[in-house]
Amino acid sequence: MRATEVHVGILDGRVLGAIEVRPKHGLYDYRAKYTAGLTEYICPPDLPATRLRGVMNLAERAARALSCGGACRVDLLVTPGENEYVLEVNTLPGMTPTSLLPKIAQAAGIDYPGLCEAILDGARLHAGLAAPASHREPRQSHVVCDGEEETAPLERRAAG
């Protein structure tokens with residue numbers, strides 16, 4: 001089957017973008033993935049705009065169906081016959097110089113340090129800890145203490 005391999009980056013439930021991988025020789029195997037220069041990366045993928053939107057929508061639905069949080073990458077095969085196949089949902093995508101999530105984020109205008117900070121901020125918020133002051137937004141949360149419901153901003157709950 002002839003297909004295009006497309007990877008979609010997702011951060012905190014939001015699609016960042018997609019990238020197409022074209023190995024120069026054969027399959028996108030370990031050698032092609034981790035040896036610089038053996039794979040061509042096309043960002044955004046060479047697909048019609050409506051098809052790309054459908055691929056990214058499918059990736060977002062796959063990540064949501066698995067309740068993925070933080071950063072993840074959905075790998076798909078896109079066939080000429082208008083079919084898309086989800087290969088895997090990677091919940092711990094690589095963060096090396098040849099990794100795909102940082103490439104997708106870069107194309108979306110997020111540099112490597114910014115991506116790392118966004119991942120850490122999302123993890124911190126998921127753990128119920130306050131975000132750094134520069135990222136705070138007032139949020140309300142319902143808490144039940146001693147049988148009584150209390151509404152308090154998460155930042156105040158975390159601080160005290």
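Quick note: numbers below take in every heavy atom, side chains included, and nothing from hydrogens, waters or symmetry partners. The model shown is predicted, which means the values in this text are computed figures rather than measured ones.
Proximity of a side-chain donor or acceptor of Thr39 to a complementary backbone N or O of Arg22 within less than 3.5 Å is not detected. Looking only at distances, a side-chain donor or acceptor of Lys24 sits under 3.5 Å from a matching main-chain atom of Gly37. Using a distance-only test at 3.5 Å, with no hydrogens or angles considered, a donor-acceptor pair links the side chain of Glu20 to the main chain of Asp46. Within the 3.5 Å criterion, the main-chain N or O of Thr79 finds no donor-acceptor partner in the side chain of Tyr85.
With rounding to the nearest 0.5 Å, the separation of CD1 in Ile110 from SG in Cys116 is 11.0 Å. In this structure, CG on Leu16 lies 6.5 Å from CG on Leu101, to the nearest 0.5 angstrom. In this structure, CG on Asp121 lies 10.5 Å from CD1 on Ile119, to the nearest 0.5 angstrom. Between Thr35 atom OG1 and His25 atom NE2 the span is 11.0 Å, to the nearest 0.5 Å. In this structure, the separation between CG on Leu77 and CG on Leu87 is 4.0 Å, given to the nearest 0.5 Å. Between the SG atom of Cys43 and the CD1 atom of Ile104 there is a distance of 6.5 Å, given to the nearest 0.5 Å.
Taken together through direct or relayed side-chain contacts under 4.5 Å among Ile, Leu, Val, Met, Phe, Trp and Tyr, Leu76 and Ile10 form part of one hydrophobic cluster. With hydrophobic clusters built from ILVMFWY side chains whose heavy atoms lie under 4.5 angstrom apart, Leu38 does not share a cluster with Ile19. When the side chains of ILVMFWY residues are joined at heavy-atom separations under 4.5 Å, either directly or via intervening members, Leu58 and Leu66 end up in a single hydrophobic cluster. Note: the hydrophobic cluster containing Leu47 does not contain Val21 (ILVMFWY, side chain heavy atoms under 4.5 Å, direct or indirect links). Leu100 and Val6 fall into different hydrophobic clusters, where Ile, Leu, Val, Met, Phe, Trp and Tyr are joined by side-chain heavy atoms under 4.5 Å apart, directly or via other members.
A pairwise comparison of heavy atoms in Ala62 and Val86 identifies CB-CG2, 4.3 Å as the closest pair. Across Tyr112 and Met95, no two heavy atoms sit closer than the pair OH-O, 2.8 Å. Here the closest non-hydrogen pair linking Ala71 and Pro93 is O-CD, 3.6 Å. Nearest heavy atoms, Gly94 versus Arg73: N-NH1, 4.3 Å.
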**Request:** Using the side-chain hydrogen bond (donor to acceptor under 3.5 Å, both in side chains) rule, take Asn57 and Arg61 through it: C-alpha gap first, then chi angles, then the decisive distance, then the call.
**Result:** CA-CA 6 Å; Asn57 183 276; Arg61 289 189 344 239; 2.9 Å; yes

**Request:** Let me see the working for Leu115 and Leu11 under side chain to side chain contact (heavy atoms under 4.5 Å, CB included), right down to the final yes or no.
**Result:** CA-CA 9 Å; Leu115 176 60; Leu11 181 62; 4.3 Å; yes

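Residues Thr4 and Pro45 fail the side-chain proximity criterion, which asks for heavy atoms closer than 4.5 Å. Within the 4.5 Å cutoff, the side chain of Glu82 has heavy atoms near those of the Arg51 side chain.
Between Arg14 and Glu60 no salt bridge is recorded (no basic side-chain N to carboxylate O distance below 4.0 Å).
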